[in-house]
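Each remark here refers to the structure printed beneath this line.
Both counts, for ligands and for their atoms, begin at 1 and track the order of listing. Start at 1 with the first residue, then count along the sequence.
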Amino acid sequence: MSKIKMKTPLVEMDGDEMTRIIWAFIKEHLIEPFIDLKSEYYDLGLAYRDKTDDQVTIDSANAAKKYGVAVKCATITPNQDRVKEYNLKKMWKSPNGTIRAILDGTVFRAPILVNCIKPMVTTWKKPITIARHAYGDIYKDVEYKVENPGKAEIVFTDNKGNEERLLIHDFDGKGIVMGMHNLQVSIESFARSCFNYALSVKQSLWFATKDTISKIYDHTFKDIYNDIFEKEYKEKFKSAGIEYFYTLIDDAVARVIRSEGGYIWACKNYDGDVFSDMVATAFGSLAMMTSVLVSPEGYFEYEAAHGTVQRHYYAHLEGKETSTNSVATIFAWSGALKKRGELDGIKELVAFAEMLEKITISTIEKGYMTKDLALIADHPDKKILNTKDFILEVKKNLT
Ligand code: NAP
Ligand code: MG
């Protein structure tokens, strides 16, 4: 069988622990036998990040900008324990944070559905993708505890020294105050990333805020979305047969629960934090969630939503058998290959990526799955496979 040829390299960001092992195994068994893989490899494993003073992370993000499509393995975000464990020079920042800061993107998380795992919300038939704005609001707030009676004000001083004051509250006792902000450019990027992604997957886009109560703050989000949609995307959405739908956040929640799914739900930072966990849980498993970072310029970085599965890795190091779910990492690869194929006009690559996804799902639907899924799947004939055997089962079906 002749292998599928690629034109542009895929930016490959390797990672840590159990997912690093899965990564190599997926490449060896599900990608390289079928594709003449062209990739530009960056080792984001913690040891090499430390060795290069984290320059490798920056280089990999710049490569993603140069080539447009990246696939990333889960990586350790160091904490005190990791600094000791890996004898690090310093507590390096989260690679995802560094990459996001360079690409300036929005993260889209979508569940992978299999028919033997029923969503807890019985009306949901198709995936719901959450797009979370990743800048500002309460995540960059300033908070203050009022201990004595007094006035809290917003003071804005412009660069010429002019001052504007707004009363927040005249306290006659104890209380609390919070100041938060967002940026026009960040909200614009968020909107464009969402519109671009909706077009790329041909799904409608929903967005919601509380603009009736927050007449300036939330309303600005609504207005920016609306302006950009009217000026840049209205016609494109029409030709793609999808729509942009704005509503209030409480109405959105009610509609999401009653819906069939099959759309993208853009959320402000806090809403996205809360509702992505709700949606992931209701669909079944973190190990079945994919994640893609989309920049406003249209660069894509695909990954699994879960971490490096440290507990399984330590078991593996002790020589114990593991049953770690590789589905989200397989879908990171298929997502990136499909996008590469679309951008380069390689139909075989797109078809292969779609086939890989289909076969992975049908392997599970035939009853072959890892332990995490076996615990929640409703299937009459479950066969629990270890980490490698699941990938080999997919390979057998794919071949
Ligand atoms: P985790 O790796 O997501 O794993 C947490 C638990 O969830 C696991 O112990 C396992 O439960 C279950 N799980 C997650 N993925 C699974 C899979 N593919 N198959 C089967 N079970 C799975 O989170 P963590 O243990 O809190 O974090 C470990 C490291 O990952 C940390 O160093 C963190 O910094 C990093 N992290 C990276 C990313 C990223 O790169 N995007 C995201 C999150 C975390 P059981 O133990 O019950 O089997
Ligand atoms: Mg959260």
Side-chain angles (χ1 to χ4, degrees), residues 12-23 25-26 42-47 49-50 54 56-57 60-61 64 70-86 88 91-101 103 105 107-112 114 117 132 134 273 276-277 280-281 283-293 301-318 320-333 335-336 360 364 368-377 384-391 394:
E12 182 186 341
M13 303 167 170
D14 205 348
D16 288 299
E17 301 194 311
M18 204 58 206
T19 41
R20 187 179 179 100
I21 290 168
I22 287 174
W23 190 262
F25 213 65
I26 290 174
Y42 292 87
D43 183 1
L44 302 197
L46 188 49
R49 272 184 275 149
D50 191 53
D54 211 20
V56 64
T57 307
S60 75
V71 56
K72 181 179 169 291
C73 181
T75 46
I76 292 168
T77 297
N79 55 18
Q80 269 317 335
D81 293 344
R82 300 299 201 165
V83 172
K84 269 195 224 129
E85 183 183 352
Y86 285 81
L88 300 179
M91 204 189 291
W92 305 108
K93 284 190 203 153
S94 144
N96 286 41
T98 303
I99 294 166
R100 207 176 302 152
L103 297 184
V107 174
F108 297 81
R109 274 180 151 206
I112 300 154
V114 290
I117 298 170
R132 174 183 171 186
D273 188 351
S276 67
D277 278 3
T281 307
F283 270 113
S285 165
L286 189 61
M288 297 290 279
M289 288 290 274
T290 59
S291 182
V292 52
L293 174 71
E301 183 239 293
Y302 293 83
E303 63 173 329
H306 60 77
T308 59
V309 210
Q310 181 183 14
R311 200 184 65 78
H312 296 205
Y313 180 61
Y314 287 173
H316 168 81
L317 290 181
E318 286 169 24
K320 290 184 189 144
E321 180 131 287
T322 57
S323 181
T324 313
N325 190 335
S326 52
V327 172
T329 307
I330 295 173
F331 271 63
W333 274 96
T360 303
I364 297 168
Y368 297 86
M369 57 188 85
T370 44
K371 198 169 153 196
D372 57 312
L373 294 188
L375 291 171
I376 54 172
I384 303 180
L385 301 182
N386 69 28
T387 308
K388 292 195 170 173
D389 286 345
F390 176 77
I391 293 171
V394 174

Taking all non-hydrogen atoms of both residues, which atom of Ala64 and which atom of Met13 are closest, and how far apart?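 That would be CB-CE, 4.3 Å.
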
Expected rows: ligand 1 N/O, protein N/O, dist below 3.5 Å:
residue  : atom   : partner : partner atom : Å
ligand 1 : 2 (O)  : Gly307  : N            : 3.4
ligand 1 : 2 (O)  : Thr308  : N            : 3.2
ligand 1 : 2 (O)  : Val309  : N            : 2.7
ligand 1 : 3 (O)  : Gly307  : N            : 2.8
ligand 1 : 18 (N) : His306  : NE2          : 3.3
ligand 1 : 18 (N) : Asn325  : O            : 2.8
ligand 1 : 19 (N) : Asn325  : N            : 2.9
ligand 1 : 30 (O) : Thr308  : N            : 3.0
ligand 1 : 30 (O) : Thr308  : OG1          : 3.2
ligand 1 : 32 (O) : Arg82   : NH2          : 3.1
ligand 1 : 34 (O) : Thr77   : N            : 2.9
ligand 1 : 40 (O) : Lys72   : NZ           : 3.4
ligand 1 : 40 (O) : Thr75   : N            : 3.0
ligand 1 : 40 (O) : Thr75   : O            : 3.4
ligand 1 : 40 (O) : Thr75   : OG1          : 3.4
ligand 1 : 41 (N) : Asn96   : ND2          : 3.4
ligand 1 : 41 (N) : Glu303  : OE1          : 3.2
ligand 1 : 46 (O) : Arg311  : NE           : 2.5
ligand 1 : 46 (O) : Arg311  : NH2          : 3.1
ligand 1 : 48 (O) : Arg311  : NH2          : 3.1
ligand 1 : 48 (O) : His312  : NE2          : 2.8

What residues form a side-chain hydrogen bond (donor to acceptor under 3.5 Å, both in side chains) with Trp333, not counting sequence neighbours?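 In terms of side-chain hydrogen bond (donor to acceptor under 3.5 Å, both in side chains), with neighbours along the sequence ignored, Trp333 is linked to no residue.
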
pair Ile76-Arg49: side-chain heavy atoms closer than 4.5 Å: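 Of all side-chain heavy-atom pairs linking Arg49 with Ile76, at least one is under 4.5 Å.
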
Check: Thr308/Thr19 side-chain N/O donor and acceptor closer than 3.5 Å: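 Result is no, nothing qualifies.
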
Using only heavy-atom distances, determine whether the side chains of Thr322 and His316 contain a donor-acceptor pair under 3.5 Å.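 Result is no, nothing qualifies.
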
Which residue, Asn96, Thr290, Thr329, forms the side-chain hydrogen bond (donor to acceptor under 3.5 Å, both in side chains) with Glu303?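 Going through Asn96, Thr290, Thr329 one by one, the side-chain hydrogen bond (donor to acceptor under 3.5 Å, both in side chains) with Glu303 is satisfied by Asn96 alone.
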
